[in-house]
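Keep in mind that this is a model prediction, so the values were computed, not measured. Residues: numbered from 1 along the sequence shown.
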Amino acid sequence: MKVLEKVSNLAGNTFAIWVILFGVLAFMFPMGFTWIAPHIALLLGIIMFGMGLTLSLQDFKGVIQAPKAVLIAVAAQYTIMPLLAYGLANLFQLPAEVAVGVILVGCCPGGTASNVMTFLAKGNTALSVSVTAVSTLLAPLLTPALTLLFASQWLPVSASNMFMSIVKIVLIPIVLGIIIRLLFSKQVDKTIGVLPLISVIGIVAVASAVVAVNKDSIVTTGLLIFTVVVLHNLLGLFLGYMLAKAFRFNLADIKAMSIEVGMQNSGLGSALALAHFAPIAAVPSAIFSVWHNISGPILATWWSKQSETDTTNSTNRTKNIS
């Protein structure tokens with residue numbers, strides 16, 4: 001088990017590398033990865049079940065202890081990112097399926113990777129976990145409703161069918177994971193170190209499958225989609241940061257909110273796009289999965305060094321006063 005935990009930690013720390021590597025392989029040899037596409041919902045369900053296993057009642061205490069911060073961050077998640085997606089889709093006059101794909105990922109909740117990035121950035125990890133948990137539990141209602149609101153001008157959207165999909169592949173697995181964690185906490189705690197490996201394998205497989213089934217579309221529209229996805233992510237991080245500053249959050253909370261707003265559950269976006277729209281609608285989610293695992297670590301590294309600098313300066317000021 002210790003060996004598996006070490007492998008799991010290594011996989012988690014090098015997540016972005018694996019996503020990029022297998023994305024390239026899927027593009028070059030698509031036939032080796034297209035077979036995964038029909039199983040994307042199952043893979044996401046397994047990832048969500050693993051997320052449920054990591055959650056405890058302690059993770060929801062943040063909602064009670066800091067309700068204002070959690071409420072603002074969740075509200076920002078479900079307003080800033082959908083509005084940005086809608087604006088970018090119109091600004092770049094995206095093809096219908098691509099526009100819906102961008103909006104769909106914008107309407108998804110935060111992903112679990114945001115918790116890791118917040119931790120690495122020396123932000124408020126407890127706040128990040130609470131926001132991810134709450135936004136994910138609200139996803140069955142808000143993601144279909146917001147997608148219907150913003151994307152229906154391009155393609156027909158069945159909010160009820162999307163609601164059922166999210167319940168099946170997100171809500172039920174998470175609730176089952178939480179229940180099993182409550183009933184068998186000792187056994188779960190012994191194996192929880194392996195869960196990052198399962199998540200990495202699942203997300204890499206989802207991203208690779210989407211790339212494989214959309215190779216031709218990526219050749220023609222990949223650069224445009226990449227540009228929109230990068231802008232979507234960076235603007236989300238920036239606006240989340242500015243909003244937190246406007247509410248005078250402390251630096252640790254600002255980091256958490258910025259990352260929570262800017263990073264989406266791209267796996268869910270891929271699964272919903274493939275289930276309810278054309279395969280190319282899943283491409284923005286796949287590219288988002290690659291990109292936010294590049295921008296996230298870069299931002300986290302910069303912010304962690306900033307924290308170290310702030311701590312050093314504070315110590316020096318204290319010594320000078322003494």
Side-chain angles (χ1 to χ4, degrees), residues 23 72-111 114 135 139 142-159 162 207 210-211 214-246 257-274 276-296 298-299:
I72 291 171
V74 172
Q77 170 78 51
Y78 279 118
T79 52
I80 290 174
M81 295 306 276
L83 285 169
L84 281 175
Y86 179 78
L88 289 168
N90 280 289
L91 178 64
F92 285 87
Q93 298 184 335
L94 298 176
E97 291 84 0
V98 176
V100 170
V102 171
I103 290 170
L104 183 57
V105 74
C107 296
C108 285
S114 62
S135 66
L142 294 183
T143 298
L146 290 169
T147 304
L148 176 63
L149 176 65
F150 291 110
S152 56
Q153 75 177 62
W154 282 281
L155 291 173
V157 176
S158 175
M162 199 176 293
V210 172
V211 169
N214 287 287
K215 177 181 178 179
D216 293 338
S217 299
I218 291 172
V219 170
T220 57
T221 62
L223 183 60
L224 174 62
I225 298 174
F226 181 78
T227 301
V228 172
V229 166
V230 169
L231 286 172
H232 193 198
N233 173 237
L234 295 181
L235 287 170
L237 292 169
F238 174 73
L239 291 176
Y241 177 88
M242 294 306 295
L243 184 62
K245 287 272 286 185
M257 183 162 165
S258 173
I259 293 171
E260 279 299 315
V261 171
M263 296 185 70
Q264 305 296 95
N265 188 333
S266 51
L268 176 59
S270 296
L272 293 175
L274 288 173
H276 301 282
F277 304 103
I280 192 175
V283 174
S285 292
I287 294 177
F288 203 105
S289 180
V290 175
W291 171 250
H292 79 201
N293 283 294
I294 296 172
S295 65
I298 291 172
L299 181 61

Heavy-atom closest pair, residues Leu237 and Ser295: CD1-OG, 4.5 Å
Ser270 side-chain N/O to Ser285 backbone N/O, donor-acceptor pair under 3.5 Å: no
Check the pair Trp154 / Leu94 against side-chain contact (heavy atoms from CB on, under 4.5 Å), numbers first and verdict last. CA-CA 10 Å; Trp154 282 281; Leu94 298 176; over 6 Å; no
First locate atom CG of Leu155, then atom CZ of Phe277, and finally report the distance between them rounded to the nearest 0.5 Å. 6.5 Å
Looking at every non-hydrogen atom in both residues, tell me the closest pair between Leu146 and Cys107 and how far apart they are. CB-SG, 3.6 Å
Intermediate values then yes/no, side-chain contact (heavy atoms from CB on, under 4.5 Å), Val261 and Leu239: CA-CA 8 Å; Val261 171; Leu239 291 176; 5.8 Å; no
Taking the side chain as every heavy atom from C-beta outward, state whether Val98 and Phe92 have any atom pair closer than 4.5 Å. no
Measure the spacing between CE of Met257 and CD of Gln77 and express it to the nearest 0.5 Å. 10.0 Å
Supply the atom-to-atom distance Leu84 CG to Leu91 CG, rounded to the nearest 0.5 angstrom. 11.5 Å
Could you tell me whether a side-chain N or O of Asn265 sits under 3.5 Å from a main-chain N or O of Cys108, the two making a donor and an acceptor? no
Within-4.5 Å side-chain heavy-atom neighbours: Trp291 and Leu234: yes
Residues that Tyr86 engages under side-chain hydrogen bond (donor to acceptor under 3.5 Å, both in side chains), provided they are two or more places apart: Gln153
His232 side chain to Met81 main-chain N or O, any donor-acceptor pair under 3.5 Å? yes
On a heavy-atom basis, which atom in Pro284 and which in Ile225 lie closest, and how many Å separate them? CA-CG2, 3.8 Å
Kindly say whether Gly106 contributes a backbone atom to a donor-acceptor pair with the side chain of Gln264 at under 3.5 angstrom? yes
Would a distance-only check, ignoring hydrogens and angles, find a side-chain to backbone donor-acceptor pair under 3.5 Å from Tyr78 to Leu142? no
Side chain to side chain, Phe150 and Leu83, heavy atoms closer than 4.5 Å: yes
Between the side chain of Glu97 and the main-chain N/O of Ala281, is any donor-acceptor distance below 3.5 Å? no
Less than 4.5 Å apart, side chain to side chain, heavy atoms only: is that true for Pro279 and Leu274? yes
Could you check if a side-chain atom of Leu272 sits within less than 4.5 angstrom of a side-chain atom of Thr143, using non-hydrogen atoms only? yes
Separation between CG (Leu223) and CD1 (Ile287), nearest 0.5 Å, reads 9.5 Å
When you measure from the side chain of Thr147 to the backbone N and O of Leu104, does any donor-acceptor pair fall under 3.5 Å? no
